Chemist: 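My questions will all concern the structure given below.
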Protein chains: 2
Amino acid sequence: MAATRPTMKDVAAEAGVSTMTVSRVVNGGSAVAPRTAARVEAAVRKLGYQRDDVARQLRRTHELSQIIGLLVDDVTDPFMAAVASAAEHVARQRGSVMLIGSSRADLRREREVIAAFTARRVDGLILTPAAGSHRFLRPAQAQGTKIVCVDRAAPGLEVDAVVVDNFGAVREAVQQLVARGHRRIGYLGDTPKIWTFGERRRGYLAALGAAGIIADPALVRDGVRNGPEAAAAVTGMLALPDPPTALLAGNELLAFGALTAAPRDLAFVAFDDFALAARLTPPVTVIAQDPVALATSAAHLLFARIHGDVSPPRTVVMPTRLIRRGSGELPGPFAA
Amino acid sequence: MAATRPTMKDVAAEAGVSTMTVSRVVNGGSAVAPRTAARVEAAVRKLGYQRDDVARQLRRTHELSQIIGLLVDDVTDPFMAAVASAAEHVARQRGSVMLIGSSRADLRREREVIAAFTARRVDGLILTPAAGSHRFLRPAQAQGTKIVCVDRAAPGLEVDAVVVDNFGAVREAVQQLVARGHRRIGYLGDTPKIWTFGERRRGYLAALGAAGIIADPALVRDGVRNGPEAAAAVTGMLALPDPPTALLAGNELLAFGALTAAPRDLAFVAFDDFALAARLTPPVTVIAQDPVALATSAAHLLFARIHGDVSPPRTVVMPTRLIRRGSGELPGPFAA
DNA sequence: AGCCAAGCTGTTAACGATACCAACCAGAAG
DNA sequence: CTTCTGGTTGGTATCGTTAACAGCTTGGCT
C-alpha cells in the first residue's frame, strides 16, 4: 500500500515520451500524433493517473483556481440550504468547485474560515455576512478575490449584493395586521446588527409608527437565534398582562419555533415561505422570497466579476410576495 | 489594480531576510530571534501577506491537504443539510475545509464532482452515494483517499458506512399500521436502487408479507423524487377504486409533498422527523433518526482513517425512534 | 538536389513554499 | 588563543505541472 499517486513523469516513462507530451494529451487541444496520444492514454489508464490540480494551479498562478467559497450562517437553515444548493449548481455549470463554511453568526469564525479559503486561492466568495464590520476583507479584495453578498449587505465593504426589500415587505405585512384591527403586534428577530434583521425590524416599527401605535419593548424580541428561543419568547409574550394579538416571525426557523407555542387564534405572519404553510391550521400567511433566485443571481454576478466585470458594485433587489393564507388575516380586537 | 498577491519573496525583501526565515516566522515553532521575527511580522502586515497553501501543499506532497469533500444528493433536503452542517463542523474542528457537491442523484455527475475533488487532493470523502456501482472509486481509494458513506452503503465498494436500520424501522411502523386495522397501505419512495430506499421498501414489503397481505403494485410508488411528485402520486392512489387507508412516506421531502394532497383521515407515517410535525392536524407520526449524529460519527470515522486507522471497514448502525403523534395511530377499517 | 513549412516532440525554467544541510556568530570552555 | 557548542540564518533542490522556445522529421515545392 504505497498509496502514492502517479505523476506525469510516471506516465511519461510508461509511455516512453516526455512529460510535456503527457501534459498535451491530458489537457487536449495541442497537436499530438494519434499514435503517441493513444500510447499515452493507455499509460494513463494503466496507472490510474489523474492530473494534479494543485501543481497545475501553482504553475498557472495567474489563471483562475476554479474554486469559489460560500459562507453561510448555518446550512441547517432552509433558506441557507437553498442558497448553497443554487450557488453550487451555478459553480458546477461554470466548471468550478465550491468550498462551504458556516460562521454560526460568529464574525471571528467567519474571518477564520475566509482566511482558510483565500489561502487556497479561491477566485471568489459568496457571503451571508455576520454582524460586524467586514473591513478585514479589503486586502483580499485588493488582491483580486471577488466578493458578492446574498441576503445581506456587508457593513464596511463595497461589494455587490443581492437582497430583497426587507423593510418594505415587513412594513406592508404589519400594515395589513393593523388594518385588520391589531394593535398589539409582536416581533421576533435575530439581532438587528445583522443587516437583514435590522431592515425587517425597521419595517415593523415604521408600520406601527405610521399607524400611531407606540411600540412596546416587551413585544419586540431581538437576538432570537433558533426555534426553541422563539418558542420561549412567544410563551413569554403571551404571559404578559396585555398579550399580543398578532405576531411577525422574522424568518423560517423562528416561525417554526413560534408556531409550536402560539395558539391558533393568534394572527401570524412569517418571513419566508415553507412547504407545509398551507397545511397548518390556520394556513400560514407568509412573506415569500425566492432563495434559489437570489443565490443564482449572486453566483452569476460573482462569475461575471471573476471574468473581468469591473463595473461599480451594484445591489440587486429581488421581489417578495405576501401570500395570504389565513393566519395573517385573522381579525384583531379593533376590527371594523 | 495589479491585483497580485505578495509572496514570501516580497516579504523577505521587505524585511531584509531570506524566504526561509519568513517561512519559519509564518509557520511558527522554529527558532527565530525575536527582533528578526518582529521585523518579518511587520513586513507581513504591511504587505498583507498570507501563506499560499497551494504552493505549500505542492512542496509537502506527502502531507495532508486538509481538505475533505462532501457529496450529497441535494443540500435542499433537510436531512442532507443537517449532514452537511455536522460534517463541516467536525472538519473545522480538525483544521480542514470542506468542498461540497451535489449529485442530484445522478451517478455520472457524482463521478465528475468526485474527480474534481480528488484532483484537488482531498484527504477524504464523505458520500451519500447515488444509485449504481461505485467501483470507479477504487483507484482513488488505492491512492490513499479515505472514503466514508453516510445514510447509505455504496454498492461495489468496501468502505465505512454510518446508517440506520431502515429495514427494521419501516417494518415496525408498517406492522403498527396493520395492527391498527389497515390493509391498504401505500408506500412512497425514491428508486430502490438507492440503498436506503431499497431497505425501506424491503421493510414495508416484509411487514405486509408477515401479515399475509399481498402488496398491491398500485400502492407502491418508487422513483418519487420530490414533493410535487409525491403529491401527484398520492392523488393518484386516492383516485383508485380501492384507495389506501394508510400511507408511509419514505423521507421528509416526500412527506411534505404527500401531506399537501392527503386528507386528514388518511393514516400517515413519515421517515424523518421535522419541526412542525406536532403542529399539524393530526400531529404526524414519524420514524426519527438523528442526521447530526450520523454525520458527526461519519466525519470522526473519516478523520480517524485519514490519521492512519487501517482497521477493516465497519458499518455503524445508529438508532431510530418511532414517535407516535397521532397520524400513524388512526384506526383502519379492520380495527378490532 | 535544395529549401521551407508544417507538424510533432523535447528541454529548460519557472510557479511559491519548505526540507535538508551548511554556514555563521557569540560566548563558554580548555 | 583555539575549539566547541548552540542558537540563528541562508543556500539549494524539489514538489508536479506547464509556458516558451528549440529541435527534429517529413514531405512538398521549385
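Treat the numbers as computed from the prediction; the structure is a model and nothing was measured. Here is how names work: the chains are called A, B, and so on, in the same order as the sequence lines, proteins then strands, and each is numbered from 1.
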Chemist: Mind checking side chain to side chain contact (heavy atoms under 4.5 Å, CB included) for A/Arg108 and listing every partner two or more places apart, or none if nothing turns up?
Modeler: A/Asp106, A/Glu112
Chemist: Under the salt bridge (Lys or Arg N to Asp or Glu O under 4.0 Å) definition, can you give me all pairs with a residue in residues 299-310 of chain A, not counting sequence neighbours?
Modeler: A/Asp160-A/Arg305, A/Arg305-A/Asp309, A/Asp309-A/Arg314
Chemist: Mind checking A/Ala33 for me? I need base, sugar-phosphate or nothing, with any heavy atom below 4.0 Å counting as a touch.
Modeler: sugar-phosphate
Chemist: Would you call A/Arg121-B/Asp52 a salt bridge at under 4.0 Å N-O?
Modeler: yes
Chemist: Kindly write out the residues that satisfy salt bridge (Lys or Arg N to Asp or Glu O under 4.0 Å) with B/Arg24, not counting sequence neighbours, or none if the list is empty.
Modeler: none
Chemist: Going by the rule salt bridge (Lys or Arg N to Asp or Glu O under 4.0 Å), which residues pair with A/Glu110 if we only count those two or more places apart in sequence or in a different chain?
Modeler: none
Chemist: So if I define the base as every atom that isn't primed, P, OP1 or OP2, how would nucleotides 14-20 of chain D read as a B/S/- string at a heavy-atom cutoff under 4.0 Å?
Modeler: BBBBBBB
Chemist: Do any of residues 35-47 of chain B sit with a heavy atom less than 4.0 Å from DNA chain C, and if so which?
Modeler: none
Chemist: With heavy atoms under 4.0 Å as the rule, sort A/Val54 into base, sugar-phosphate or nothing.
Modeler: nothing
Chemist: Could you pull out all donor-acceptor pairs under 3.5 Å where a side-chain atom in residues 55-63 of chain A meets a protein atom, sequence neighbours excluded?
Modeler:
residue, atom, partner, partner atom, Å
A/Arg56, NH2, A/Asn27, OD1, 3.3
A/Thr61, OG1, A/Leu58, O, 2.6

Chemist: Can you sort out the partners of A/His89 under ring-ring contact (aromatic ring centres under 6.0 Å, His included), two or more places apart, ordered by chain and number?
Modeler: none
Chemist: Who are the salt bridge (Lys or Arg N to Asp or Glu O under 4.0 Å) partners of B/Arg94, not counting sequence neighbours?
Modeler: none
Chemist: Can you name the side chain to side chain contact (heavy atoms under 4.5 Å, CB included) partners of A/Pro139, sequence neighbours left out?
Modeler: none
Chemist: Hey, where on DNA chain C does chain B first and last touch, going 5' to 3'? Cut-off is any atom under 4.0 Å from a heavy atom.
Modeler: C/dG16 to C/dC20
Chemist: Can you list everything that forms a salt bridge (Lys or Arg N to Asp or Glu O under 4.0 Å) with B/Asp73? Sequence neighbours excluded, please.
Modeler: B/Arg152
